[in-house]
Amino acid sequence: MVQRQKGHHDAAFDLLRHCRDLNPQAPEVYYFLGQYYSALKQDDASMDCVKRAAELDPENVTYMETLAQAYISRQDYASAIPVIKGIYDRDKSQEEMLEMLFQLYQQVEDYDHAIGVLNQLEQNDGKSERLSMAKSALYNRMGKKKEAVAEIAALARQYPNDLNYKAMYGETLLMNDLTDEAIDVYDEVLTEDPENTRVLLSLRNLYKGLGHQEIADSLTRRVLLGSHATTEEKVRLMRQEISATESADGDSTRVLGLFRQVLALPQSDAEMALLSASYMNAKKMPRDSITPVLEQAVAIAPDYAPARMQLVAYAWETDDMDRVITLCQEARQYNPDEMLFYYYQGIAYYRRDSLDRALGAFQNGIGVITSDSDPAIVSDFYAVMGDILHQKGMALEAFAAYDSCLVWKADNIGCLNNYAYYLSERGERLNQAEEMSFKTVKAEPKNATYLDTYAWILFMQGRYAEAKVYIDQALQLMEDQKENAVIIEHAGDIYAQNKDITQALSFWQDAHEKQPDNKMLTRKIKLKKYLKE
């Protein structure tokens, strides 16, 4: 034992075998040897040792329990039964042995003895729902319907004030095809408790099975519109109604009507409203129908982020940025760690040209970014921050934001384009800018903006012939001439440096018509040459 406690198991194993040679009648030696043989995966040798220890000292509960567990692990339930029974007979306080015996008798399908164990437990602890239900189930397995019913009837008689047991009695009668008797019992329950959910649901299933759909529907409404059923029960019932409708004709009219009636009542939580919104989404209902349901869910559970996020999405789709801002501001009070609300609020402010408020939203959101955050969202987070900072004239801070953006998502194309272009405007890190811009052109070779950026960087590097190739592609692909005056001006600059001043003038004049206040363009046209800003 000293060697064992020191962890010297090889030495302990050798000494234990020597002990067995010295005294083959020592049960403790076999007990510990059994553990070592088990560790060595020598199951038969281990079993022999455990059995020998139990034979030599049958009064030792540890040895007997180990033997029982060994039999059970081998699925030799018949051999485990007398061992467990012996343990209980020696010590009646070990009631857990009766529970184990009950399970073992079921495994060997000895239902008579299993019922005997339940009777013993009942004698010890008194009649209970668990024991009566278990006995009734066993009687049903044995084909003894009368005894199965009688067992639950006895439980109901013993506790006459507990309508749950009477309802259970009715269910047992139904299970055993005693329908009329079951309905009589259910009537008794409903006389005392007209909104007993258990009975109403049982009757609903009964009449549904009998084909009496109108009665079943009436009972469905009675449960859904009553005050006794829990939200969980009502939601489960609505799911059943949805499933039945989809399996039949898929007509949502009745289901939507039920949802309207239920949601017109006070709600303790948002589950029903959320289920309704989910169903309406699945049925492709219009947004203006779903929105009030989502608003009801948010009013009940203001911290339920998914419902509010869907409202944000609806407002976004209709370009209602003021609504987006309001929803996100409210959401941040209840879900201060949800990054998406900062993100959408920041974007909404940005689209409303409220740069300071947009930047504030993004900066507050940085604090809730974690390693588990969505890299794509975090990347866009920093990308838009960079754009805002650049517009505010904070170039170095903008570039730091872009760097953070690319750490989270190295192929954020929008960020790569803007970062590259702004670097080229400053004439800084042009080689890095060219590498970033080329990635965008490779990713979207028909994007006029990206082609223009790449052409301009090549221009800034003095690679005029290459720049002309890419600016020509940009000119061919750009869609809105008015919005692309910068691209046209760039084309003029590039053509000028390629010694085609006639075409350069044409481009500059075109750009000037779109930007008549551009003084630099005016000077280029007047002097007929490229001027560096």
If you look at every heavy atom in [X] and [Y], which pair is closest and at what distance?
| X | Y | answer |
| --- | --- | --- |
| Thr172 | Ala148 | CG2-O, 3.9 Å |
| Arg323 | Ala315 | CG-CB, 3.5 Å |
| Val378 | Ser373 | CG2-CB, 3.6 Å |
| Arg74 | Asp43 | NH2-O, 3.1 Å |
| Lys166 | Val185 | O-CG1, 3.3 Å |
| Cys19 | Val29 | CB-CG2, 3.8 Å |

Taking [X] for the side chain and [Y] for the main chain, is one N or O donor matched with an acceptor at less than 3.5 Å?
| X | Y | answer |
| --- | --- | --- |
| Asn281 | Ala277 | yes |
| Thr291 | Arg287 | yes |
| Thr191 | Asp187 | yes |
| Asp337 | Val368 | no |
| Asp269 | Glu271 | yes |
| Ser354 | Tyr350 | no |
| Thr230 | Glu233 | yes |
| Ser128 | Leu131 | yes |
| Ser46 | Gln42 | no |

Any salt bridge linking [X] with [Y]? Criterion: basic side-chain nitrogen under 4.0 Å from a carboxylate oxygen.
| X | Y | result |
| --- | --- | --- |
| Glu232 | Arg239 | no |
| Arg308 | Glu338 | no |
| Glu241 | Arg254 | yes |
| Glu122 | Lys135 | yes |

More than 12 heavy atoms of other residues, nucleotides or ligands under 6.0 Å from [atom1] of [X]: yes or no?
| X | atom1 | answer |
| --- | --- | --- |
| Arg4 | CZ | yes |
| Lys234 | NZ | yes |
| Tyr334 | OH | no |
| Tyr344 | OH | no |
| Glu214 | CD | no |
| Asp10 | CG | no |

With the side chain counted from C-beta on, respond yes when [X] and [Y] share a heavy-atom pair under 4.5 Å apart, and no when they do not.
| X | Y | result |
| --- | --- | --- |
| Leu101 | Gln120 | no |
| Ser132 | Lys127 | yes |
| Ile115 | Asn119 | yes |
| Leu190 | Leu203 | yes |
| Tyr30 | Pro24 | yes |
| Arg204 | Val223 | no |
| Tyr186 | Leu174 | yes |
| Lys85 | Asp89 | yes |

### Task
Over 60° means perpendicular and under 30° means parallel, so classify the ring planes of Phe362 and Phe381, tilted if in between.
perpendicular

### Query
Which word best sums up how the rings of Phe13 and Tyr36 line up, parallel for under 30°, tilted for 30 to 60°, or perpendicular for over 60°?
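Ring orientation of Phe13 relative to Tyr36: tilted.
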
### Query
Does the ring centre of Tyr105 sit less than 6.0 Å away from the ring centre of Tyr111?
no

### Task
Taking the six-membered ring of Trp316 (Phe, Tyr or Trp), confirm whether the NZ or CZ of Arg351 is under 6.0 Å from its centre and within 45° of its axis.
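Cation-pi check for Arg351 and Trp316: passes.
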
### Task
Mark yes or no: Lys92 above the aromatic ring of Tyr88, with NZ or CZ under 6.0 Å from the six-membered ring centre and no more than 45 degrees from the axis.
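Judged by the rule (NZ or CZ under 6.0 Å from the ring centre, within 45° of its axis), Lys92 counts as positioned above Tyr88.
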
Nearest 0.5 Å please: distance from the [atom1] atom of [X] over to the [atom2] atom of [Y].
| X | Y | atom1 | atom2 | result |
| --- | --- | --- | --- | --- |
| Leu327 | Arg332 | CG | CZ | 13.5 Å |
| Asp21 | Leu16 | CG | CG | 11.0 Å |
| Glu28 | Asn23 | CD | CG | 8.0 Å |
| Ser202 | Met175 | OG | CE | 9.5 Å |
| Ser218 | His212 | OG | NE2 | 13.5 Å |

